[in-house]
Amino acid sequence: DEISILNSLSSFFEDEDYNVFTAPDGERGLEIFFSEKIDIVLTDLRMPKKDGIEVMKAIHQTRPETPMIVISGAGKKQDIIKALRMGAKDYITKPIDDLDMISHTVGQVLENKRLSDENKLYRQKLEKSENQYRTITENIAEGVFSVDEHENFTYTNHAFCDMLQYSSGEILKKNLKDIVTQDSFDIILQETANRKSGLTGRYEIQMLDKNLGIIHTELTCSPIFKDKKKYSGAIAIVRDITKMIKMKKKFEQDLEIVYNLVKTKQDEINNYFEILDIDNSNRKFIDKFISKIKLDIDKESRYAVVARLVQ
């Protein structure tokens with residue numbers, strides 16, 4: 001409300017390379033504020049038409065992120081409290097003896113605002129990235145989950161929930177050790193040591209569904225670091241390989257049958273040779289005989305394997 005102080009501050013900050021807008025009263029000040037891009041507001045409390053509290057209230061309601069500094073005479077304690085509640089970052093009393101001190105205050109407030117804006121932008125980008133990530137993970141066939149540094153679940157997609165027959169809420173209350181066998185959890189702890197070193201990994205473990213049924217799974221895990229330094233957990237893609245494990249065991253059993261068939265036939269051949277006492281001069285005959293027997297073995301083996309697979 002003092003034109004001399006208004007002009008002095010305007011000239012000073014223009015010399016500091018600021019773009020300055022001035023107003024003789026609160027009403028004009030708000031007109032300028034809502035028509036221009038204003039980074040910081042310096043206001044008096046005692047002004048004609050609209051006082052500083054009214055000005056700050058209007059700014060706080062529409063653009064609460066705008067920093068404000070009050071420059072006023074020795075006001076009442078209640079006025080100072082109101083100004084601070086309206087978002088004032090500082091309260092400077094008149095008379096003003098040190099313009100450099102005000103410049104320092106303004107610079108510090110603007111720097112804090114810059115850091116706050118950067119942090120807000122970073123959070124928005126992070127939230128957008130997380131939403132995109134969740135959209136992808138919710139629509140893939142494989143299970144996906146993440147855990148913190150203590151192996152507590154922090155995220156799980158629908159495919160993983162369906163795999164274990166749990167709801168997302170139920171899994172998020174659990175630790176990884178609650179849904180795996182003890183031997184598998186020992187493997188997880190060994191693998192976590194590698195994750196903490198920044199290494200990704202692929203390994204097989206046995207998980208337990210809601211009915212305690214064993215599910216053979218293959219995990220592909222990557223570490224998660226906070227601030228690129230501190231290990232804060234891991235994210236894993238889970239593939240159900242239970243059917244593949246069962247087929248592998250069945251195939252091994254079939255190979256055992258084939259081996260026993262071959263061994264039986266070979267024993268018969270050896271016994272036959274011993275009885276006939278055939279020497280090397282009859283090697284061609286022996287080779288043809290063995291080829292015939294092998295052909296029979298191959299046929300018998302194939303039939304046995306096919307029969308078991310069909311069963």
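All of these numbers come straight from a predicted model, not from anything done at the bench.
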Visitor: Are I5 and L99 connected in a single hydrophobic cluster, I mean Ile/Leu/Val/Met/Phe/Trp/Tyr linked by side-chain heavy atoms less than 4.5 Å apart?
Guide: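 Same hydrophobic cluster.
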Visitor: Go through the steps to decide whether F145 and F153 satisfy the test side-chain contact (heavy atoms from CB on, under 4.5 Å), and finish with yes or no.
Guide: CA-CA 7 Å; F145 71 81; F153 284 98; 3.5 Å; yes
Visitor: NZ of K173 to CD of E170: how many Å apart, nearest 0.5 Å?
Guide: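 K173 NZ to E170 CD: 7.5 Å, rounded to 0.5 Å.
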Visitor: Classify the ring geometry between F225 and Y231 as parallel (under 30°), tilted (30 to 60°) or perpendicular (over 60°).
Guide: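 If you compare the ring of F225 with that of Y231, the planes turn out perpendicular.
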Visitor: Taking G52's backbone N and O only, do any of them form a donor-acceptor pair with T43's side chain (distance below 3.5 Å, no angle check)?
Guide: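 No; judged by distance alone, with no hydrogens or angles, the pair does not exist.
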Visitor: Compare every heavy atom of T66 with every heavy atom of I38, then report the nearest pair and how far apart it is.
Guide: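 Closest approach of I38 to T66: O-CG2, 4.4 Å.
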Visitor: Do D183 and Q206 get their side chains close enough for a donor-acceptor pair, meaning under 3.5 Å?
Guide: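 Absent: no donor and acceptor within the cut-off.
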Visitor: Atom CD in E218, atom CE in M244: separation rounded to 0.5 Å?
Guide: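 So the CD of E218 and the CE of M244 are separated by 6.5 Å.
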Visitor: Please determine whether the number of non-hydrogen atoms from other residues, nucleotides or ligands lying under 6.0 Å from atom CZ of R202 exceeds 12.
Guide: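 Open: at most 12 neighbouring heavy atoms sit under 6.0 Å from CZ of R202.
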Visitor: Could you check whether N112 and Q108, counting side-chain N and O atoms only, form a donor-acceptor pair closer than 3.5 Å?
Guide: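 Judged by distance alone, the side chains do not pair up.
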Visitor: With rounding to the nearest 0.5 angstrom, report the NZ to NZ distance, K113 to K120.
Guide: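 So the NZ of K113 and the NZ of K120 are separated by 9.0 Å.
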Visitor: Which word best sums up how the rings of F13 and Y18 line up, parallel for under 30°, tilted for 30 to 60°, or perpendicular for over 60°?
Guide: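 Taking Y18 first and then F13, their aromatic rings stand perpendicular (interplane angle over 60°).
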Visitor: Quick check for you: to the nearest 0.5 Å, what is the distance between E149 atom CD and T154 atom OG1?
Guide: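 That separation rounds to 9.5 Å.
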Visitor: In Å and rounded to the nearest 0.5 Å, what is the OG to CD distance from S184 to E191?
Guide: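 Rounded to the nearest 0.5 Å, the OG-CD separation comes to 11.5 Å.
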Visitor: Taking V180 as the fixed residue, which of I215, I214, N175, I188 is the one that meets the side chain to side chain contact (heavy atoms under 4.5 Å, CB included) rule?
Guide: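 Result for side chain to side chain contact (heavy atoms under 4.5 Å, CB included) with V180: I188.
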Visitor: In terms of heavy-atom contacts, does NE2 of H158 have more than 12 from other residues, nucleotides or ligands at under 6.0 Å?
Guide: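 No, because the 6.0 Å sphere around NE2 of H158 holds 12 heavy atoms or fewer from other groups.
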